[in-house]
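Computed from a prediction, not measured in an experiment: that's the story for all the values here. Hydrogens, waters and symmetry mates are skipped; everything else that's a heavy atom, side chains included, is used.
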Amino acid sequence: MSINIIHLNKFLKLMYLPEKKLISELRKDIRTEIHKQSGQKSGGGDFYQPIWHDIKQHVLGKTDLSEATKRRIEANEKRRNLYPRLEEGFLKLWKRGDNQKVDIIDRTPKGRYVTPQGHLTIKVENVMAVSIDGNERLGYPYWFSDPALSEESARVGLWIMEQALKNENENHMRIFDIIRSEYYSLQNTPLNGDEEQILLSNFQKITNLREKLILEYPAHYSQEGEYKNTA
C-alpha cells in the first residue's frame, strides 16, 4: 500500500488530521493504489515541485517569486488558490538582509527512515541546502494548509530528519511551515525523546483505519486487506 512508503511532509499531515479528513485522505490513497495496480493513471502530478523550484531560484536572487507565481497560475489555473498562499508565506519567512551572501550548496541531501519492523518508510527529499554568510541551513518544506505544524509534529519531523540524514549536522536542519511563515529547528523545538513512540502510535492508528476502509472496496481487496490481482 502506498501509505507504507511516504514523504515526510505527507506523513506529518496524516498524523494530525482530524478523523473525518483523515478518512477522506485514506480513501483517496486507496483509490490511487487501485488505479496504479490496474495500470490506470491516477492524474494530478506533483503540485508542489514547481513552486519549490521557484523558491530556490528566489533565494538565490535569480527570479522574483511573485512574478514566477503569476506565471505558474497563468499556465495552470488549478494553482490560483494555493500558490499565492505559499508565495506570501515564504516571502514573510524568508527575510534576506541586503548584505547577506546566499548560495545553494552543491549537494542534495536526502535519505529514508525505516521503522524497526520495516512496515513504514518515510522519505526525506527536496531538502534545500543553502549557505547564508557561511552558515549552512537544510530547509525541508511542509506545504499543507491543514493541519498546521505543532510543537509535537515539528519534533517528530526533526527526529525523522535526524534519522534519515545521518551524514548531516542536525543543528543545521529546519522544517518550514510555509503557509504560516514558521520554521522549526532543534534550537527552538528541542526533542523530548518520545518522538519515535509518537510516530509509531500514529502510524498504527492510520494503518488500522485504512484497513477498515479497505473493506469498502471488496472488488479489489480480500477480507484480509490484500490486493486482488484481477488482471
Step-by-step side chain to side chain contact (heavy atoms under 4.5 Å, CB included) determination, I5 to I122: CA-CA 6 Å; I5 303 178; I122 300 177; over 6 Å; no
Heavy-atom side-chain proximity of I175 to T189 below 4.5 angstrom: no
Pair R210 + E33, salt bridge at N-O below 4.0 Å: yes
Test item: L191 and E162 side chains (from C-beta on) under 4.5 Å apart, heavy atoms: yes
Derivation and outcome, side chain to side chain donor-acceptor pair (under 3.5 Å), residues E152 and N192: CA-CA 9 Å; E152 182 178 284; N192 287 349; over 6 Å; no
Closest contact, heavy atoms only, E168 versus P109: OE2-CB, 3.8 Å
L93 and E182, any side-chain heavy atoms less than 4.5 Å apart: no
Lys/Arg N to Asp/Glu carboxylate O, R155 vs E151, below 4.0 Å: yes
Separation between NZ of K21 and CG of D146, rounded to the nearest 0.5 Å: 3.5 Å
Worked check of side chain to side chain donor-acceptor pair (under 3.5 Å) between N169 and E136: CA-CA 9 Å; N169 187 330; E136 183 173 301; over 6 Å; no
Heavy-atom donor-acceptor pair, S153 side chain to S150 backbone, under 3.5 Å: yes
Minimum heavy-atom distance between P147 and Y142, given as atom pair plus value: O-OH, 2.6 Å
Main-chain N/O of E67 paired to D64 side chain as donor or acceptor, under 3.5 Å: yes
Flag side-chain contact, heavy atom, 4.5 Å: R174 against L138: no
Side-chain heavy-atom pair P116, E196 within 4.5 angstrom cut-off: yes
Heavy-atom check, side chain of L14 versus side chain of I6, under 4.5 Å: yes
Salt-bridge contact K205-E19 (side-chain N to carboxylate O under 4.0 Å): no
F203 CZ to N208 CG distance, which is reported to the nearest 0.5 Å: 9.5 Å
Steps toward side chain to side chain contact (heavy atoms under 4.5 Å, CB included) verdict (M173, S185): CA-CA 6 Å; M173 297 176 185; S185 69; over 6 Å; no
Candidate pair R72 and E77, rule salt bridge (charged side-chain N to carboxylate O under 4.0 Å, His left out), full reasoning: CA-CA 8 Å; R72 296 289 184 186; E77 277 293 310; over 6 Å; no
Under 3.5 Å donor-acceptor, Q163 side chain and M161 backbone: no
Heavy-atom closest pair, residues A129 and R107: CB-O, 4.3 Å
Lys/Arg-Asp/Glu bridge criterion (N-O < 4.0 Å) met for D29, R31: no
Electrostatic pair K28-E25, nearest N-O below 4.0 angstrom: yes
Closest non-hydrogen atom pair, I178 against P141: CD1-CB, 3.9 Å
Point-to-point distance, once rounded to the nearest 0.5 Å, from NZ of K101 to CG of N135: 13.0 Å
Criterion side chain to side chain contact (heavy atoms under 4.5 Å, CB included) on T115 and L199, from CA distance to verdict: CA-CA 9 Å; T115 57; L199 182 160; 4.2 Å; yes
Rounded distance (nearest 0.5 Å) linking atom CD1 of I51 with atom CD of Q57: 13.5 Å
Minimum heavy-atom distance L8-G157, with the two atoms named: CD2-O, 3.8 Å
Within the 6.0 Å centroid threshold, strictly below: W159 and Y113: yes
Stepwise side chain to side chain donor-acceptor pair (under 3.5 Å) check, S66 with T69: CA-CA 5 Å; S66 298; T69 299; over 6 Å; no
Pairwise side-chain contact, L65 with F90, heavy-atom cut-off 4.5 Å (strictly under): yes
Point-to-point distance, once rounded to the nearest 0.5 Å, from CG of L213 to CD1 of I30: 5.0 Å
Side chain to side chain contact (heavy atoms under 4.5 Å, CB included) evaluation trace for V130 with I105: CA-CA 5 Å; V130 298; I105 296 173; 5.6 Å; no
Euclidean distance, L17 CG relative to L12 CG, rounded to 0.5 Å: 11.0 Å
Steps toward side chain to side chain donor-acceptor pair (under 3.5 Å) verdict (Y140, E125): CA-CA 8 Å; Y140 182 81; E125 300 175 352; over 6 Å; no
Centroid-centroid distance, F144 to Y48, less than 6.0 Å: yes
Distance-minimising heavy-atom pair for P50 and R79: CG-NH2, 3.7 Å
Same apolar cluster (I L V M F W Y, side chains within < 4.5 Å links), I3/V114: no
Flag side-chain contact, heavy atom, 4.5 Å: H7 against F11: no
E88/K92 under salt bridge (charged side-chain N to carboxylate O under 4.0 Å, His left out): CA gap, chis, key distance, verdict: CA-CA 6 Å; E88 180 182 4; K92 287 181 180 178; 3.3 Å; yes
Aromatic contact, Y83 with F47 (centres under 6.0 Å): yes
D103 side-chain N/O to S131 backbone N/O, donor-acceptor pair under 3.5 Å: no
Side chain N188, main chain Y183, donor-acceptor under 3.5 Å: yes
